[in-house]
Undergrad: 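Dumping the structure here so I can ask a few things about it.
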Amino acid sequence: MSLNIVLIEPEIPNNTGNIGRLALATGSTLHLVKPFGFEIDDSRLKRAGLDYWQHLDIVYYDDIDDFFTKNKTANMMYLSSHGKQQHWDIPFKDDLFLVFGKESVGLPKHITQNNEDSLFKIPLYSKHIRSLNLANAVSVVVYEGLRQLGSK
């Protein structure tokens, strides 16, 4: 079982470090799309990723166009608070790409508008928040995927 975690222009090094740790723990590949809101050697990223970073299966992209060009045949699902479908309804399969946007604004509008059939959200049960922390959201979705893939 393998999943691909894609972070489009991540801004917070601690989140990226924690997601890197999650990727390693779950056997997932981490895809990081520039520009980043931090330097890749940021001490906060390293602290959150501890000494695991060098063991990660990680792919870097110069920008969003580079990512989509290199992965044009990939099966992708997009995560956004604007999705109409729930994350547990994602049709999980090996090598699926789970695409997350940056912390401040999420995915670019052209992605959410052009991919409504593959746009999913994590349900929130309080009107007082608009989204989960990115690292928490990635964890919820990846482990749901592993649960479903393990039961197939």
Undergrad: Only counting residues at least two apart or in another chain, list the ones meeting side chain to side chain donor-acceptor pair (under 3.5 Å) with Gln86.
TA: none
Undergrad: With the 4.5 Å side-chain cut-off for hydrophobic clustering, are Val105 and Leu32 part of the same group?
TA: no
Undergrad: Can you tell me how far the CD1 atom of Ile8 sits from the CD1 atom of Ile64, to the nearest 0.5 Å?
TA: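 If I round to the nearest 0.5 Å, the distance is 4.0 Å.
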Undergrad: Mind checking whether His31 and Phe67 have parallel, tilted or perpendicular rings, split at 30° and 60°?
TA: perpendicular
Undergrad: Evaluate the side-chain proximity of Gln85 to Ser118: yes if any heavy-atom separation is below 4.5 Å, no if none is.
TA: no
Undergrad: Between CZ of Phe36 and OH of Tyr60, what distance do you get to the nearest 0.5 Å?
TA: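 Rounded to the nearest 0.5 Å, the CZ-OH separation comes out at 6.5 Å.
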Undergrad: For Leu56, which residues count as a side-chain contact (heavy atoms from CB on, under 4.5 Å) partner, sequence neighbours excluded?
TA: Ala23, Leu24, Leu30, Trp53, Ile58
Undergrad: Taking the side chain as C-beta and beyond, is there a heavy-atom pair between Met77 and Pro91 under 4.5 Å?
TA: yes
Undergrad: Among Asn14, Ile12, Asn15, find the one that has a side chain to side chain contact (heavy atoms under 4.5 Å, CB included) with Asn133.
TA: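 Testing each of Asn14, Ile12, Asn15 against Asn133, the sole residue satisfying side chain to side chain contact (heavy atoms under 4.5 Å, CB included) is Asn15.
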Undergrad: Within the 4.5 Å heavy-atom criterion, are Arg147 and Phe92 side-chain neighbours or not?
TA: no
Undergrad: Quick one: salt bridge (Lys or Arg N to Asp or Glu O under 4.0 Å) pairs with a partner in residues 109-125, sequence neighbours left out?
TA: none
Undergrad: Identify, with sequence neighbours excluded, every residue that meets side chain to side chain donor-acceptor pair (under 3.5 Å) alongside Thr73.
TA: none
Undergrad: Does the side chain of Ile122 reach to within under 4.5 Å of the side chain of Val141, using non-hydrogen atoms?
TA: yes
Undergrad: What residue among Thr16, Ile19, Asn18 forms side chain to side chain contact (heavy atoms under 4.5 Å, CB included) with Leu134?
TA: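 For Leu134, the side chain to side chain contact (heavy atoms under 4.5 Å, CB included) test succeeds with only one of Thr16, Ile19, Asn18, which is Ile19.
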Undergrad: Please determine whether the number of non-hydrogen atoms from other residues, nucleotides or ligands lying under 6.0 Å from atom NE2 of His55 exceeds 12.
TA: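 Count over threshold, so yes.
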Undergrad: Nearest 0.5 angstrom please: Ser80 OG to Phe100 CZ, how far?
TA: 11.0 Å
Undergrad: Of the non-hydrogen atoms in Glu144 and Trp88, which two are nearest, and what is the gap between them?
TA: OE2-CB, 3.6 Å
Undergrad: Apply side chain to side chain contact (heavy atoms under 4.5 Å, CB included) to the pair Leu124 and Leu132, showing each step before the final yes or no.
TA: CA-CA 8 Å; Leu124 301 175; Leu132 293 176; 3.9 Å; yes
Undergrad: Do Leu149 and Leu96 come close enough that some side-chain heavy atom pair is under 4.5 Å?
TA: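 In short, these two side chains do not touch, never coming nearer than 4.5 Å.
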Undergrad: Tell me, please, which residues at least two apart from Asp66 pass side-chain contact (heavy atoms from CB on, under 4.5 Å).
TA: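 Checked Asp66 against side-chain contact (heavy atoms from CB on, under 4.5 Å); matches are Tyr61, Asp62, Asp63, Lys70.
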Undergrad: side-chain contact (heavy atoms from CB on, under 4.5 Å) with Ala25: which residues, sequence neighbours excluded?
TA: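 Testing Ala25 for side-chain contact (heavy atoms from CB on, under 4.5 Å), a comparison that skips the adjacent residues, returns Tyr143.
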Undergrad: To the closest 0.5 Å, what do you measure between CG (Leu79) and OG1 (Thr112)?
TA: 12.5 Å
Undergrad: For Asn71 and Asn4, what are the C-alpha separation, side-chain angles and deciding distance, and is it a side chain to side chain contact (heavy atoms under 4.5 Å, CB included)?
TA: CA-CA 11 Å; Asn71 297 290; Asn4 294 278; over 6 Å; no
